[in-house]
Amino acid sequence: MPQISLRNVSKTYKGGAKAVDNVTLGIENKEFLVLVGPSGCGKSTTLRMIAGLEDVSEGKIWIHDRVINDVPAKDRNIAMVFQNYALYPHMTVFENMAFGLKLRKYPKDEIVRRVTEAAEILGIKKYLERKPRQLSGGEQQRVALGRAIVRKPAVFLFDEPLSNLDAKMRVQMRAEIHKLRLRLQTTFIYVTHDQTEAMTLGDRIAVMKDGEIQQCADPIAIYDNPANQFVASFIGSPPISLMKGRIIKKERKYYFDEGKFQVKLVEEMHKAIAPHEGKEVMMGARAEDIYDKLFAPEASPDNTITATCEVVEPMGSEVYLYLNTGKHQFMARVGAHDRPAINRDMDLVVDMSKVHFFDKDTEETII
């Protein structure tokens, strides 16, 4: 049985706005689950309902075999780390970390022991007598983590904890959260709009849109086998490129006809795509699956397209190409030394074993 279960959970605000819509989800003991999606998708509201900071409009939330809908937040054995750190500016680091334990009337020596232990884990022991204003953003985030750790909760909740940090500090803090999770061996539920955080941190990712879970699976499964067009577009950097075209059949083979080019589907796709013969679909291709023909592993007329290279964007170890067929714009990710001429046509090879096809109307995945 999952440690935490959400069963048909919804949240509707006054006026009828539904932030969370019939979410059913199980989180296992010691699992790291990430709720990811764009702003306004309902992920933070879901987290706050688990924490007890928002009432549940419909459905039930269980911890083990106990329904906690009406259990006060302080009695749920859950600790939450907020986006804005929520530190008391007039208190020292030690006092901020100890505050919750003092409210629960822990003995003084136990408080000192727990705060010191958490400060050592997070590398902030030398800051215990400082005030929050004397710390950097990353150091303040560690204090917020420490305040949660000292309680030794059954579940940690994180609400976009890295969004206020610069890019370098976000990378460092991701690694710190990884190490913290391995050391503490407890359950983490983490909310973010950053798909890189989701991919690198989560055992599983629940992708949300408009208050609903679109797909919940491990990161690689979601990346390789997205449930629909939204998931495919949201997970991955750079985003998947989408092109509209028609499925046609020639000599018992299926092709995607974009209007400016045709590419042949691999044989393993024939059964799934057959009902869509003659219909418009969306083809999705990731940047790393599109190659400059000069460096492509397997090039043939059946997987080669021509497009105009409009922008060359060096990224250090790789280069992003922004391309245009005349009907669609798309991206390719090529080697660091591949710098094609701008505003010139070039031949590109698409790895057709890696592309996805989506129903144009329902946006559900065909293949």
Side-chain angles (χ1 to χ4, degrees), residues 1-11 20-37 41-54 56 58-71 73 75-82 121 145 148-149 151-162 173-209 211-227 231 234-235:
M1 182 179 181
Q3 182 182 6
I4 299 175
S5 296
L6 284 72
R7 303 181 190 176
N8 307 111
V9 170
S10 296
K11 175 64 179 181
V20 177
D21 189 4
N22 197 33
V23 164
T24 294
L25 180 66
I27 300 109
E28 301 294 336
N29 186 37
K30 299 182 182 180
E31 181 177 22
F32 198 125
L33 179 88
V34 179
L35 297 172
V36 64
C41 72
K43 56 190 185 295
S44 289
T45 304
T46 301
L47 195 76
R48 290 174 65 84
M49 286 192 289
I50 295 171
L53 303 178
E54 294 276 3
V56 177
E58 299 174 56
K60 293 180 179 179
I61 299 177
W62 298 67
I63 293 184
H64 295 303
D65 56 354
R66 180 190 184 196
V67 177
I68 62 166
N69 288 41
D70 298 321
V71 175
D75 297 327
R76 295 191 182 193
N77 197 19
I78 286 172
M80 189 160 177
V81 179
F82 297 91
I121 290 172
L145 286 171
I149 290 170
R151 289 179 50 196
K152 298 186 177 179
V155 181
F156 284 97
L157 306 181
F158 293 81
D159 190 6
E160 306 213 34
L162 309 185
M173 286 304 300
R174 282 207 308 265
E176 292 297 326
I177 290 171
H178 252 308
K179 290 188 285 186
L180 184 64
R181 181 272 179 100
L182 293 173
R183 184 161 182 168
L184 298 180
Q185 289 293 302
T186 191
T187 306
F188 283 62
I189 307 175
Y190 189 102
V191 160
T192 182
H193 64 273
D194 185 328
Q195 58 89 28
T196 301
E197 285 180 31
M199 291 289 290
T200 55
L201 288 172
D203 296 325
R204 284 191 303 153
I205 301 173
V207 183
M208 295 189 70
K209 177 191 178 190
E212 299 179 347
I213 292 179
Q214 303 293 304
Q215 186 174 4
C216 185
D218 71 78
I220 298 303
I222 284 183
Y223 189 81
D224 289 340
N225 301 291
V231 173
F234 194 82
I235 298 296

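The model shown is predicted, which means the values in this text are computed figures rather than measured ones.
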Side chains of [X] and [Y]: closer than 4.5 Å at any heavy-atom pair?
| X | Y | result |
| --- | --- | --- |
| Glu58 | Asn8 | no |
| Asn77 | Val155 | no |
| Leu33 | Cys216 | yes |
| Arg174 | Leu162 | yes |
| Ile4 | Ile189 | yes |

Examine distances only and state if a side-chain atom of [X] and a backbone atom of [Y] form a donor-acceptor pair shorter than 3.5 Å.
| X | Y | value |
| --- | --- | --- |
| Glu54 | Ser44 | no |
| Asn69 | Gly59 | yes |
| Ser10 | Asn22 | yes |
| Thr192 | Val36 | no |

Practice problem: Name the orientation class of the two ring planes belonging to Phe158 and Phe188 (parallel below 30°, tilted from 30 to 60°, perpendicular beyond 60°). | Solution: parallel
Practice problem: Using side chain to side chain contact (heavy atoms under 4.5 Å, CB included) as the criterion, point out the one residue from Ile27, Val71, Ile50, Ile78 that pairs with Ile63. | Solution: Ile78
Quiz item: So does Asp203 pair up with Arg181, basic N to acidic O under 4.0 Å?
Solution: yes
